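Step one of this worksheet: look at the structure below.
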Amino acid sequence: MGKMAAAVASLATLAADPREDAFRKLFRFYRQSRPGTADLGAVIDFSEAHLARSPKPGVPQVVRFPLNVSSVTERDAERVGLEPVSKWRAYGLEGYPGFIFIPNPFLPGCQRHWVKQCLKLYSQKPNVCNLDKHMTKEETQGLWEQSKEVLRSKEVTKRRPRSLLERLRWVTLGYHYNWDSKKYSADHYTPFPSDLAFLSEQVATACGFQGFQAEAGILNYYRLDSTLGIHVDRSELDHSKPLLSFSFGQSAIFLLGGLKRDEAPTAMFMHSGDIMVMSGFSRLLNHAVPRVLPHPDGECLPHCLETPLPAVLPSNSLVEPCSVEDWQVCATYLRTARVNMTVRQVLATGQDFPLEPVEETKRDIAADGLCHLHDPNSPVKRKRLNPNS
């Protein structure tokens, strides 16, 4: 029996067990999986160019997704480090309308900008992170500065204390998600990063979503033992807009399920630079990340991250140079980690947040910051803020 057949047989046996829902069974199966064995034989790898022509048995048919090539100029794509849309490959899955997977469309070296932003810039105040629950703003203000010497050190041992950057699990941007109330709030907002907003707008436009506004972001920072629990992103008030996901660093397994957890999910690899879009029917499906995969050669970077940024960038580029010293810190971090940026539009055009009782609002804000890596949604209150104010 080949690896693929063995994997399909194992999954079929799991699905037949009535004691646990189908999604949880497969989450546990992949959480305990062993790379290089039949365990991963049924996981879709969208980086394989022949996917659409040679579907794997036992998994949904992979189909090409038509992008709106003329909607994004080459100049705008280049500004955020993307190849021309005409060179992107985009796929969908039968049975998952609205799900779009774009294997690494970034120009050589340009992923480094986004990695640096996640680790050095977006992690800083006034943005909110998991460390805020236990530390003061002053203690987390210099998160990068406090961590860089530790990560840059050649005397790295497993016994040394973890740096603040290595203790980071999530950061919220724009409308800050409240992990307890599972709501967003007009009261709890900081300016959304302009470079990430422009990147998100270009990707959304290329996928057919004109006028997408990046209003909230959740950045998840995964170590090799991290998981993202089974959940649905439903806290945004406008579900007609897509959810965008950008991955950098080590690869992971992503599970995309159905509307209920008794529907077995489909497993796929997420590699560095990959982009996922969940829209339409797929916008409210259960999903999770059961496993981050160590590099097969040990503590190494994915090949696409080894290429440096070009020495000369376009004059209007939003991608900024990354110094050798900064990249040394980022590279050390990513050898045993991955970073994921999810971007969403919270409100429909012209929509305001609904009114809520003052007592509930105060409780939401006071509880903010109490969360786990896996739950992405936030607070609600009065009216929409002007992101430019």
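Values in this document were obtained by computation on a predicted structure and should not be read as measured data.
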Check whether any side-chain heavy atom of [X] sits under 4.5 Å from a side-chain heavy atom of [Y], and report yes or no.
{"X": "V339", "Y": "F246", "result": "no"}
{"X": "L293", "Y": "I253", "result": "yes"}
{"X": "V329", "Y": "E149", "result": "no"}
{"X": "F198", "Y": "D76", "result": "yes"}
{"X": "S279", "Y": "F209", "result": "yes"}
{"X": "V232", "Y": "L285", "result": "no"}
{"X": "L259", "Y": "E263", "result": "yes"}
{"X": "L82", "Y": "W88", "result": "yes"}

Check: [Y] main-chain N/O paired with [X] side-chain donor or acceptor under 3.5 Å:
{"X": "D195", "Y": "L318", "value": "no"}
{"X": "T307", "Y": "G109", "value": "no"}
{"X": "S185", "Y": "D187", "value": "yes"}
{"X": "N286", "Y": "G258", "value": "yes"}
{"X": "E139", "Y": "T136", "value": "yes"}
{"X": "E306", "Y": "P302", "value": "no"}
{"X": "Q351", "Y": "A348", "value": "yes"}
{"X": "R79", "Y": "N316", "value": "yes"}
{"X": "Q345", "Y": "Q213", "value": "yes"}
{"X": "N130", "Y": "R169", "value": "yes"}

Kindly give the heavy-atom pair with the smallest separation between [X] and [Y], and that separation in Å.
{"X": "L237", "Y": "D352", "answer": "CD2-O, 4.3 Å"}
{"X": "W170", "Y": "V128", "answer": "CZ3-O, 3.8 Å"}
{"X": "V72", "Y": "V85", "answer": "CB-CG2, 3.8 Å"}
{"X": "P105", "Y": "I275", "answer": "CG-CD1, 3.6 Å"}
{"X": "P265", "Y": "L26", "answer": "CD-CD1, 3.4 Å"}
{"X": "G81", "Y": "V319", "answer": "N-CG2, 3.6 Å"}

Show, in sequence, the C-alpha distance, side-chain angles and deciding distance for T205 and Q202, and conclude whether the side-chain hydrogen bond (donor to acceptor under 3.5 Å, both in side chains) test is met. CA-CA 5 Å; T205 299; Q202 305 318 302; 5.4 Å; no
Point-to-point distance, once rounded to the nearest 0.5 Å, from [atom1] of [X] to [atom2] of [Y]:
{"X": "T172", "Y": "N178", "atom1": "OG1", "atom2": "CG", "answer": "9.5 Å"}
{"X": "S272", "Y": "L334", "atom1": "OG", "atom2": "CG", "answer": "7.0 Å"}
{"X": "C118", "Y": "L173", "atom1": "SG", "atom2": "CG", "answer": "8.5 Å"}
{"X": "L143", "Y": "R167", "atom1": "CG", "atom2": "CZ", "answer": "9.5 Å"}
{"X": "Q111", "Y": "C304", "atom1": "CD", "atom2": "SG", "answer": "4.0 Å"}
{"X": "H113", "Y": "L121", "atom1": "NE2", "atom2": "CG", "answer": "8.5 Å"}

Output field: ring centroids [X]/[Y] closer than 6.0 Å:
{"X": "F106", "Y": "F248", "value": "yes"}
{"X": "Y189", "Y": "Y175", "value": "yes"}
{"X": "F101", "Y": "F46", "value": "yes"}

Is there a side-chain hydrogen bond (donor to acceptor under 3.5 Å, both in side chains) between R31 and S33? Walk through the geometry before answering. CA-CA 6 Å; R31 178 75 184 92; S33 62; over 6 Å; no
Given side-chain hydrogen bond (donor to acceptor under 3.5 Å, both in side chains), test D274 with S247 step by step and report yes or no. CA-CA 6 Å; D274 289 349; S247 293; over 6 Å; no
For the pair [X] and [Y], find out whether any cationic side-chain nitrogen is under 4.0 Å from an anionic carboxylate oxygen.
{"X": "E83", "Y": "R89", "result": "no"}
{"X": "R34", "Y": "D39", "result": "yes"}
{"X": "K125", "Y": "D132", "result": "yes"}
{"X": "E20", "Y": "R28", "result": "yes"}

Of [options], which meets side-chain contact (heavy atoms from CB on, under 4.5 Å) against [X]?
{"X": "M278", "options": "L256, L244, I100", "answer": "L256"}
{"X": "S147", "options": "L164, L168, L119", "answer": "L164"}
{"X": "S251", "options": "H271, R338, M270", "answer": "H271"}

Let's go through Y333 and V115 carefully: what are the C-alpha distance in whole Å and the side-chain angles of both, what is the deciding distance for side-chain contact (heavy atoms from CB on, under 4.5 Å) to 0.1 Å, and is it a yes or a no? CA-CA 10 Å; Y333 178 89; V115 170; over 6 Å; no
Side chains of N127 and H176 only: does a donor on one sit below 3.5 Å from an acceptor on the other?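 Side chains of N127 and H176: no pair found under 3.5 Å.
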Could you go through Y91 and I44, starting from their C-alpha distance and side-chain angles, then the distance that decides it, and tell me whether this counts as side-chain contact (heavy atoms from CB on, under 4.5 Å)? CA-CA 11 Å; Y91 300 100; I44 297 172; over 6 Å; no
With side-chain contact (heavy atoms from CB on, under 4.5 Å) as the criterion, how do R24 and I230 come out once you've worked through the C-alpha distance, each side chain's angles and the decisive distance to 0.1 Å? CA-CA 8 Å; R24 177 59 60 185; I230 306 167; 3.6 Å; yes
So R223 and T336, side-chain hydrogen bond (donor to acceptor under 3.5 Å, both in side chains) or not? Walk me through it. CA-CA 6 Å; R223 309 305 296 177; T336 56; 3.0 Å; yes
How far apart are the C-alpha atoms of V43 and F254, what are their side-chain angles, what is the distance that settles it, and do they pass the side-chain contact (heavy atoms from CB on, under 4.5 Å) test? CA-CA 9 Å; V43 183; F254 179 78; over 6 Å; no
Are M341 and L107 connected in the hydrophobic side-chain network, where two residues link if heavy atoms are under 4.5 Å apart?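 No; tracing contacts between hydrophobic side chains, which count when under 4.5 Å, never links both residues.
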How about CD on E74, more than 12 heavy atoms from neighbouring residues, nucleotides or ligands closer than 6.0 Å, or not?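 No, CD of E74 has 12 or fewer neighbouring heavy atoms, counting only those of other groups under 6.0 Å.
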